[in-house]
Amino acid sequence: MASPDSGTPDTGEDVLALAFAPVHKRYFGIAIGVVWGGALWLGTLAYLFRGPPEGEGLWLLAQYFAGYTVSVPGAFVGLAWGFVAGFVAGWFFAFCRNLVVATSIFLIRAKAELTQTRDFLDHI
C-alpha cells in the first residue's frame with residue numbers, strides 16, 4: 001500500500017481512473033500557449049543575435065501573425081501571437097482527446113452491459 005503523501009495510486013482502478021481522467025482544456029491550452037509563445041520569442045531573439053542561418057525565413061511568420069517582424073519588438077508580438085495560437089491548439093487538442101476518451105468509455109460500457117444481459121430472456 002502506498003503512503004498518502006507519495007502521490008501514487010493504490011489499486012489498478014485508481015491507475016485506470018487517473019489514465020482516463022479528462023484533461024482540463026483551459027490549463028492545457030495555457031501550458032501549450034506558454035511553450036509556443038516562448039519558443040517563438042526565443043527563436044526570434046536567437047535569430048537576431050546569432051544572425052540568420054542559410055535558408056531560414058523567420059520573416060514569413062508575418063504572413064500569419066499580424067504585426068510580427070523579425071526584431072526585438074516583433075519578438076514580443078510573436079510571444080503574444082504564439083500564446084494565442086498555442087492556447088487554441090492546446091484547448092482543441094484537449095477537447096478532442098476528452099471527446100474520444102469519453103466516447104470510447106461509453107461504447108465499452110454499453111457493449112459490456114449488452115454482453116451481460118444477452119441471455120436475459122433465457123432466465124424468464
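Note that the numbering runs from 1 along the sequence shown for the chain.
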With clusters defined by side-chain heavy atoms of hydrophobic residues (ILVMFWY) lying less than 4.5 Å apart, directly or transitively, does V23 cluster with Y27? no
Neighbour count above 12 (heavy atom, 6.0 Å) for F95 CZ: no
Same cluster for V34 and F28 if Ile/Leu/Val/Met/Phe/Trp/Tyr side chains link at under 4.5 Å? no
Show me the donor-acceptor pairs within less than 3.5 Å that the side chains of residues 68-93 make with the rest of the protein, sequence neighbours left out.
{"residue": "Y68", "atom": "OH", "partner": "T44", "partner atom": "OG1", "Å": "2.7"}
{"residue": "T69", "atom": "OG1", "partner": "S71", "partner atom": "OG", "Å": "2.8"}
{"residue": "S71", "atom": "OG", "partner": "G74", "partner atom": "N", "Å": "3.1"}
{"residue": "W81", "atom": "NE1", "partner": "A66", "partner atom": "O", "Å": "2.8"}

side-chain contact (heavy atoms from CB on, under 4.5 Å) with V101: which residues, sequence neighbours excluded? F20, R97, I105
Could you state whether V100 and F106 fall into the same hydrophobic cluster, counting links through intermediate Ile, Leu, Val, Met, Phe, Trp or Tyr residues with side-chain heavy atoms under 4.5 angstrom apart? no
Side-chain heavy atoms nearer than 4.5 Å, only ILVMFWY residues, links allowed to pass through others: does that put Y64 and L58 together? yes
Do L42 and L48 share a hydrophobic cluster (ILVMFWY, side-chain heavy atoms under 4.5 Å, transitive)? yes
